[in-house]
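Keep in mind it's a predicted model, so treat the numbers as computed, not measured. Quick note on labels: first sequence line is chain A, next is B, and so on, each numbered from 1.
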Amino acid sequence: MSGSAIDVTLPDGSSRNLPASSTALDLAQSIGSRLAKAAVAAVIGGEERDLSSQLAQGDQVAIVTADSDAGRHVLRHSTAHVLAQAVVALFPGAKFTIGPAIEDGFYYDFELPGGKTFSDDDLQAIESKMRDIVKADQPFVRAEMSVKDALALFVDQPYKCEIIERVTSGASDGADAGEVGGGDSVSVYRNTDSFVDLCRGPHVPSTGRLGHFALMKVAGAYWRGNEKGPMLQRIYGTAWESKSALDEHLTRLAEAEKRDHRKLAVEMDLLSFPAELGGGLAVWHPKGAIVRKLMEDYSRHRHQTGGYQFVFTPHLANANLFETSGHLHFYKDGMYPPMEMDNGTYYPKPMNCPMHCLIYRDRQRSYRELPLRLFELGTVYRYERAGTLHGLLRIRGFTQDDSHIFCAEEQMADEITSLLDFVLSVLRQFGFEDFEFKLSTRDPDKSVGSDEIWEKATAALIDALQRHNVEYSVKEGDAAFYGPKIDIDVRDAIGRKWQLSTIQCDFNLPERFGLEYIGSDNARHRPIMLHRALFGSVERFFGVLLEHYGGAFPTWLAPVQVRVLPVTTAHEEYATRLVEQMRGEGFRVDMVAADEQLGKRIRSAKMERLPYVLVVGDDDVANQTIGVNPRGGDVVRGVKFESFMADLRAETKGVLPQGLSS
RNA sequence: GCCGGGUUAGCUCAGGGGCAGAGCAACCGCCUUGUAAGCGGUAGGUCGUGGGUUCAAUUCCCACACCCGGCUCCA
């Protein structure tokens with residue numbers, strides 16, 4: 001081995017001998033030209049660096065390729081720089097702020113002179129300018145400089161100066177670190193004589209490595225996410241390692257758009273949001289209502305057999321109740337305004353828990369009654385700010401599948417553990433298989449109760465998660481004001497994540513309401529309260545389900561399960577007999593008479609996403625058979641009607657108890 | 001709440017200071033049909049609401065309601 005050579009170690013443990021002062025790109029080159037072509041950055045000694053970084057003797061080096069998560073992150077971050085350069089070139093005087101890579105893409109926030117805003121036409125012009133920059137194959141040249149020099153360099157860019165000052169003064173909350181790194185010096189990346197951006201990197205070697213991107217939309221965004229700060233103009237884009245990856249992404253977006261629950265709800269005549277009713281308030285049409293009812297029936301069935309007791313509580317309550325619970329203190333702005341009445345002030349309820357506390361407190365409780373599980377499909381009203389409403393997913397009046405479990409402290413861990421089983425089992429019935437767990441902990445500024453009880457409650461939740469042996473992430477400071485919680489996310493049929501269920505531990509409301517039970521020691525004790533919702537909001541869950549199934553509800557949930565189509569009028573009598581028999585067994589069935597051609601009627605049924613279309617003609621009348629056209633399957637002619645019925649019964653059996661299937 | 005865009009027939013959308021348009025759906029005929037759009041006809045509108053400019057406003061301006069994309073918020 002010559003003295004002027006170095007050895008570096010690759011991720012697989014092998015080592016490689018290179019000439020001294022070789023760069024990461026040289027290393028990639030020496031491994032293979034295909035790798036070098038795919039390379040966008042390197043990880044040297046655990047740190048993400050540019051490909052132009054020089055390697056030293058003994059370095060651990062991994063080449064980051066464009067088709068990895070880390071590689072796409074680099075591509076997107078670099079593309080954001082190109083966006084900034086294009087905007088600065090096209091809009092003289094524009095101030096650029098931050099431009100990070102995000103899931104599937106990137107954005108960059110700008111402030112335009114005179115408070116101007118971007119239009120869709122601007123977006124096209126900017127994208128075209130970006131393509132010029134890519135074509136010019138400008139290098140990304142890294143430089144480190146002192147804070148003083150950097151401040152001088154960005155003298156016309158107040159937001160950049162603010163970032164530099166915050167990071168170097170140690171005031172950064174971490175969000176800025178992605179831009180500059182930190183320490184006494186900062187790094188910048190220069191593309192041209194006129195364009196240089198503050199950045200930690202790494203970046204691709206040159207803009208020619210980019211190109212599979214698209215600008216998606218323009219939106220307002222607050223500087224530093226601060227509602228009281230200036231409103232900036234944000235441009236969102238997406239960027240990928242190849243044309244095919246970009247196309248796939250755009251196809252996924254189109255697929256998601258097709259599944260949009262607001263669109264499907266109109267197409268399938270499920271529900272609507274009449275403007276006359278006011279924002280965020282829905283009315284349920286018969287076909288949406290039957291699906292919702294089935295969901296609720298299933299929920300009631302599971303709760304009834306799961307040891308819960310049903311309760312009902314009113315929609316309004318005296319302000320005193322919400323003062324006791326603390327809701328008025330923490331969420332007054334999110335509550336509907338009060339109504340003054342002869343004997344006091346009343347509010348529409350934003351939560352059911354205070355009322356369940358009153359039911360508990362109505363009489364003295366014994367330890368023998370615990371855990372006491374109260375369940376209600378309780379409709380609540382929350383004054384969501386106008387700009388936050390979003391179909392069924394963010395709505396002002398909604399129904400929670402809400403339970404409050406009152407238990408002794410020593411029962412808490414077991415109760416949470418069995419609750420997790422219960423939640424997952426219910427969610428699985430709706431076709432969800434992929435779950436993620438999040439533990440939210442206390443925010444000292446927005447909470448009540450002693451440190452001690454918060455620690456106990458958090459420990460109980462962690463214990464339950466560990467007993468289930470599941471991975472979970474921790475969200476610091478995300479808890480409710482009364483206690484920590486576990487939230488459960490699910491992935492839907494096309495891989496999107498939705499937060500649905502929540503299990504919350506509460507030592508505080510029992511104290512505020514003075515809840516007690518008499519223990520076996522004949523002394524008074526304070527119960528623990530567990531809040532939990534599986535669907536969360538029935539409306540929101542319905543919206544998620546609609547997108548998850550793309551409108552094609554499974555047979556047990558479908559508004560119409562079977563449609564019978566007589567080939568001609570002559571077969572209508574036979575068709576009617578079949579319909580009556582199926583309805584007699586509780587199935588949801590209809591018939592469309594032969595006023596239109598069969599092909600047209602089949603098409604309509606398919607567009608309505610019906611699970612089964614039965615076609616009956618001469619052969620079928622003669623042989624007591626049907627033609628079965630199942631959703632997503634092949635047509636089978638000459639099926640014995642009884643055989644189809646046996647399959648249909650088997651398919652829907654056991655979800656709901658007898659008598660609740662419609 | 002903030003920034004931007006939007007609202008025309010039941011739905012999807014075109015149009016544009018001077019008689020309001022299409023496709024699908026609906027309704028009425030004809031066709032009697034074997035697995036994803038048969039043919040013909042009819043009807044359907046205070047162009048989101050209110051105000052303003054104008055000889056004239058669905059079109060331009062303002063306000064409000066609702067919707068969409070984000071931001072912020074989300075017990």
[N] and [M]: how far apart are their [atom1] atoms, nearest whole angstrom?
{"N": "B:G16", "M": "B:G34", "atom1": "P", "result": "45 Å"}
{"N": "B:A25", "M": "B:G10", "atom1": "C1'", "result": "7 Å"}
{"N": "B:G17", "M": "B:U59", "atom1": "C1'", "result": "6 Å"}
{"N": "B:A14", "M": "B:C39", "atom1": "P", "result": "26 Å"}
{"N": "B:G44", "M": "B:A20", "atom1": "C1'", "result": "12 Å"}
{"N": "B:A43", "M": "B:G48", "atom1": "P", "result": "24 Å"}
{"N": "B:G29", "M": "B:C67", "atom1": "C1'", "result": "40 Å"}
{"N": "B:A57", "M": "B:C19", "atom1": "C1'", "result": "15 Å"}

Ignoring the backbone of [X], work out which of [options] is nearest its side chain.
{"X": "A:R637", "options": "B:A36, B:U35, B:C67", "value": "B:U35"}
{"X": "A:L598", "options": "B:G69, B:G34, B:G70", "value": "B:G34"}
{"X": "A:I602", "options": "B:A75, B:U35, B:C68", "value": "B:U35"}
{"X": "A:V567", "options": "B:A36, B:G34, B:U32", "value": "B:G34"}

A correct 5'-to-3' footprint of nucleotides 2-15 of chain B, with B, S and - meaning base, sugar-phosphate only and no protein heavy atom under 4.0 Å, is BBS-----------
Practice prompt. Pull up the glycosidic torsion of B:C28 and say syn or anti, syn being anything within 90° of 0.
Written response: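 Glycosidic conformation of B:C28: anti.
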**Report entry** Polar side-chain contact A:R394-B:C73 base: donor and acceptor under 3.5 Å
**Finding:**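 Such a pair is found, so the answer is yes.
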| request: Check whether the side chain of A:R385 and the base of B:U72 form a donor-acceptor pair under 3.5 Å. | output: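 A donor-acceptor contact between them is present.
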It should be established whether [X] places a side-chain nitrogen or oxygen under 4.0 Å from OP1 or OP2 of nucleotide [N].
{"X": "A:H571", "N": "B:G34", "value": "no"}
{"X": "A:K600", "N": "B:A25", "value": "yes"}
{"X": "A:K217", "N": "B:G69", "value": "no"}

Donor-acceptor under 3.5 Å ([X] side chain, [Y] main chain):
{"X": "A:T399", "Y": "A:T379", "value": "no"}
{"X": "A:E376", "Y": "A:D402", "value": "no"}
{"X": "A:K160", "Y": "A:T97", "value": "yes"}
{"X": "A:R396", "Y": "A:L281", "value": "no"}

Write down the distance between [atom1] ([X]) and [atom2] ([N]), rounded to a whole number of angstrom.
{"X": "A:E384", "N": "B:C66", "atom1": "CD", "atom2": "C1'", "value": "17 Å"}
{"X": "A:R603", "N": "B:U35", "atom1": "CZ", "atom2": "P", "value": "16 Å"}
{"X": "A:L277", "N": "B:G48", "atom1": "CG", "atom2": "P", "value": "21 Å"}
{"X": "A:Y107", "N": "B:G70", "atom1": "OH", "atom2": "C1'", "value": "11 Å"}
{"X": "A:F644", "N": "B:U35", "atom1": "CZ", "atom2": "C1'", "value": "15 Å"}
{"X": "A:F110", "N": "B:C71", "atom1": "CZ", "atom2": "C1'", "value": "16 Å"}
{"X": "A:L610", "N": "B:A36", "atom1": "CG", "atom2": "P", "value": "15 Å"}
{"X": "A:N226", "N": "B:G1", "atom1": "CG", "atom2": "C1'", "value": "13 Å"}

Counting any heavy atom closer than 4.0 Å, what does [X] reach on the DNA or RNA strands: base, sugar-phosphate only, or nothing?
{"X": "A:G617", "result": "base"}
{"X": "A:H390", "result": "sugar-phosphate"}
{"X": "A:E276", "result": "nothing"}
{"X": "A:G391", "result": "sugar-phosphate"}
{"X": "A:K446", "result": "sugar-phosphate"}
{"X": "A:Y236", "result": "sugar-phosphate"}
{"X": "A:G225", "result": "sugar-phosphate"}
{"X": "A:D620", "result": "base"}
{"X": "A:G326", "result": "nothing"}
{"X": "A:Y331", "result": "base"}
{"X": "A:G280", "result": "sugar-phosphate"}

Above 12 or not: heavy atoms from other molecules or residues under 6.0 Å from [atom1] of [X]?
{"X": "A:K640", "atom1": "NZ", "result": "yes"}
{"X": "A:D634", "atom1": "CG", "result": "no"}
{"X": "A:H329", "atom1": "NE2", "result": "no"}

Item to complete: Between A:V613 and A:G278, just flag the one whose closest nucleotide in RNA chain B comes earlier from the 5' side.
Response: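 Checking each residue's closest nucleotide, the 5'-ward one belongs to A:V613.
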For this session: Take A:E227 and A:A480, find for each the nucleotide of RNA chain B with the closest heavy atom, and name the residue whose nucleotide sits nearer the 5' end.
Result: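 Whichever sits nearer the 5' end wins; that is A:E227.
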Does [N] have a Watson-Crick or wobble mate here (both distances under 3.5 Å), and if so which one?
{"N": "B:U53", "answer": "none"}
{"N": "B:A37", "answer": "none"}
{"N": "B:G45", "answer": "none"}
{"N": "B:U58", "answer": "none"}
{"N": "B:C31", "answer": "none"}
{"N": "B:C73", "answer": "none"}
{"N": "B:A65", "answer": "B:U7"}
{"N": "B:G21", "answer": "B:C13"}

* Do you know which of A:I486, A:I488, A:L500 makes side chain to side chain contact (heavy atoms under 4.5 Å, CB included) with A:V423? ->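 Between A:V423 and the candidates, side chain to side chain contact (heavy atoms under 4.5 Å, CB included) is satisfied uniquely by A:I488.
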Next on the checklist: Under the side chain to side chain contact (heavy atoms under 4.5 Å, CB included) test against A:M268, which residue among A:H261, A:M607, A:R609 passes?
Outcome noted: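 Among the candidates, only A:R609 passes.
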Could you tell me whether the side chains of A:W223 and A:E111 share a donor-acceptor contact shorter than 3.5 Å?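 Not at all, the side chains of A:W223 and A:E111 share no donor-acceptor pair under 3.5 Å.
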Worksheet entry | Modelled atom types, side-chain donor and acceptor of A:T313 and A:H356, under 3.5 Å |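 No - no donor-acceptor pair under 3.5 Å links their side chains.
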Practice prompt. Decide if the gap between the ring center of A:F322 and the ring center of A:Y331 is smaller than 6.0 angstrom.
Written response: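 No; A:Y331 has its ring centre 6.0 Å or more from that of A:F322.
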